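Counting starts at 1 for both ligands and their atoms, following the listed order. Please read these numbers as outputs of a predicted model, since none were measured by experiment. Note that these values count all heavy atoms, side chains included, but never hydrogens, waters or copies made by symmetry. In this chain, residues are counted from 1 in sequence order.
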Amino acid sequence: MAKGSYSAVDIEVLEGLEPVRKRPGMYIGGTDGHQGLHHLVKEILDNAVDEAMNGHADTITVTLHKDGESVTIEDNGRGIPVDIHPKFKKPALEIILTTLHAGGKFSDHNYVTAGGLHGVGASVVNALSEKLEAIVCRDGFEWKQTFSRGKTDGPIKKLGASRKKGTKIFFRPDPEIFKTIEFSASRVEKIIEEKSFLYKGLKIVFKNQKDDTEKTFFYPDGIKSFLKSTLESENQPPIGGECFDLDRANGIKIEVAFCWTEATQERILSYVNGIHTKGGGTHEDGFKSGLAKALRNYISVHNLAKGVKLTGEDIREGLVAILSVSVPGAVSQLQFQGQTKDRLNNPEIESPVDALTRTFENILNSKPSVANALVERITLAAKARAAARSASASVSRKVGISHRLNLPGKLADCSSTKPDNSELFIVEGDSAGGSAKQGRDRATQAVLPLRGKILNSVATSNQKIAENKELVDLVSALGCGQGKDIRLDKLRYSKVIILTDADADGMHISALLMAFFFRFLRPLVEAGNLYIGISPLYRLKFGSGSKEEDVWVYSDEEKEKVLKERGNRSKLHITRFKGLGEMNPDTLWETTLNPRSRKLLQITIDEVAEVESMLESLMGKDSSDRYRMIQENAHRIEVDV
Ligand code: 28G
């Protein structure tokens, strides 16, 4: 059989889809209806992108159907093979969609993308879909097979002759698996946009039947457009008016686009075979070292150093970069590392990226005025950093890594010293703090009451933080330090739970606290340690005497729903809680603190862009915007047991 052509014999390991339905989270990262749900789209889209990347398709269409709960993805590639597997006597299409790891062997000269680390393919989507329809056009015919929850509805059908070629997959996620199956159009759009930035020349059409719109994503300039769109959306013009890009195409494919801005942080968005590597890794390391070499060489050749010592951090201050690396061959050759497995670990990738990036020196030489603007920017950063170093030393002494000895006086600590079974409740106000202290499980739950306005920390300097007693107390209670010196292994609690009243003021305080965490304790948020505790808005007391029954509801809609369900038949008494302080300790335990019955909302960061815009709205003066942000996230509520 010719190299590169399909052979059904490639499919070797067959395993049913039961494990996927049993533990969906293991395959798609969650079933709360957001990350996991949208992961299904990524998974199918990735297959279509693979087909395009290998030169067999150039257009992909993604349709979000009117119901908002189903999606069709179509490519104009070769079509998934439908020939009968000699051993299993089933069409390849069916095997691919109904068995785990049925992708067969990857040929070693093709680029293969993968939907993150859970990239296990179409069969997972099939397993988690109430309905999936696959239509294949190839070799002059159109074929169709449909599935329910990963099982075929019947054999594949030949629909008739067709001169088209390609694959079309419709699916509706299974409401038995997902908390909600409502797709977010903007999220789907983000997924599509990212893909089309990463693969220049690929055209992806997004048809949104919900609002009858159609958008085409096509970026011939690839990640250079990605960079420009990032800069534009953040209103950050590049220094010297210039964005740079480098690429090499043979073997390991490397593309990088970058520029400097007036911002103080550095931001590198990196990808390997289309997989976002939030934790960086060897490709990023190569880029950083290459960049440092290019600039240091340029500076020394032109004698621009003037006695200032430049660190890598100085060089990268204000840097915004998109780095995309593609390694030919199976994704399984890629090695990932770190707690969330989002750090590339393949050592052979570092030096080619370093070598390519070093050629940036040539660009600098050819554009002396831009180069000088950059050198000035970098030397200034170095001087500022040196000046800040002495000041920040005194700050970190105050806000630094704490010991049990200097825990804040207001903290009612738990008796456990094991972070794994310790939780910290950050409670608004002294009276709620009092109820929480009495109502909690002293063994595992600590309470820190916060009083007064918390600083709007997004816009606040380290200096001001050090002067804010509430925040200093919070950081010492956490024990892990903050900012660059954060040490997550010293974090004293595995769950840090913000608990505020269920009103606008409470939301505002949560928003400010979250902003503080995002800005100064981001790794803690990224590691999934931050939660918002949801307290009930009403108690509905049904019946009376021994038949009395309490139902706690967390929103007006839920109240209406429960009342409708119960009808008017029983006696009813409704109490609205104006604040946590109104609940007695037992009630607070039952509704809000008890791990068996409470509702927690885990705060996650899945995309840098999302957080940036979130931060923007948190910073915004309009507090209703902040309120809305929290409300929008509030449906991600998960009951944790
Ligand atoms: C529309 C939504 C998602 C796809 C193809 C095309 C082929 C294929 C897909 O083969 C089996 C395993 C590795 C080769 C390959 C067709 C070769 C020849 C294909 C998609 C055989 C899977 N002819 N298009 N899978 N491979 N599009 N779009 O899923 O060795 S999946």
Engineer: Short list, please: which atoms of ligand 1 are under 4.0 Å from a heavy atom of I96?
Structural biologist: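 In order of numbering, the contacting atoms are 11 (C), 22 (C).
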Engineer: Would you indicate which of I80, D83, V62 comes nearest to atom 9 (C) of ligand 1 when only heavy atoms are counted?
Structural biologist: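 Answer by nearest heavy atom: I80.
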Engineer: Please list, one pair per line, the donor and acceptor atoms closer than 3.5 Å that link side chains of residues 88-95 to other protein atoms, with sequence neighbours excluded.
Structural biologist:
unit_1	atom_1	unit_2	atom_2	d
K89	NZ	P86	O	2.6
E94	OE1	Q145	NE2	3.0

Engineer: Which residues pass the salt bridge (Lys or Arg N to Asp or Glu O under 4.0 Å) test with D67, sequence neighbours left out?
Structural biologist: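 Checked D67 against salt bridge (Lys or Arg N to Asp or Glu O under 4.0 Å); matches are R172.
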Engineer: Could you list which atoms of ligand 1 come closer than 4.0 Å to a heavy atom of R138?
Structural biologist: 16 (C), 23 (N)
Engineer: Answer yes or no: are there more than 12 heavy-atom neighbours, outside K151 itself, under 6.0 Å from its atom NZ?
Structural biologist: no
Engineer: Please determine whether a side-chain nitrogen of the Lys or Arg among D153 and K131 lies less than 4.0 Å from a carboxylate oxygen of the Asp or Glu.
Structural biologist: yes
Engineer: Which bit of L45 gets closer than 4.0 Å to ligand 1, counting heavy atoms only: side chain, backbone, both or neither?
Structural biologist: neither
Engineer: Mark yes or no: K215 above the aromatic ring of F206, with NZ or CZ under 6.0 Å from the six-membered ring centre and no more than 45 degrees from the axis.
Structural biologist: no
Engineer: Short list, please: which atoms of ligand 1 are under 4.0 Å from a heavy atom of A48?
Structural biologist: 3 (C), 20 (C), 28 (N)
Engineer: Looking only at N/O atoms, are D75 and ligand 1 under 3.5 Å apart anywhere?
Structural biologist: yes
Engineer: Check D75 with K168, please: is the shortest side-chain N to carboxylate O separation under 4.0 Å?
Structural biologist: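 No, K168 and D75 are not salt-bridged.
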Engineer: Given E74, H56, E43, R78, which has its nearest heavy atom closest to atom 19 (C) of ligand 1?
Structural biologist: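 Looking at heavy atoms only, the winner is R78.
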Engineer: Think K495 forms a cation-pi with Y531, using NZ or CZ under 6.0 Å from the six-ring centre and within 45 degrees of its axis?
Structural biologist: yes
Engineer: Does ligand 1 have any atom sitting under 4.0 Å from a heavy atom of A57?
Structural biologist: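 A57 does not count as a contact of ligand 1 under the 4.0 Å cut-off.
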Engineer: Measuring from non-hydrogen atoms of P81 to any atom of ligand 1, is the shortest distance under 4.0 Å?
Structural biologist: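 Distance cut 4.0 Å: P81 passes for ligand 1.
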Engineer: For ligand 1, which atoms, with element, lie under 4.0 Å from some heavy atom of I44?
Structural biologist: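 So the answer, numbered in order with elements, is 2 (C), 3 (C).
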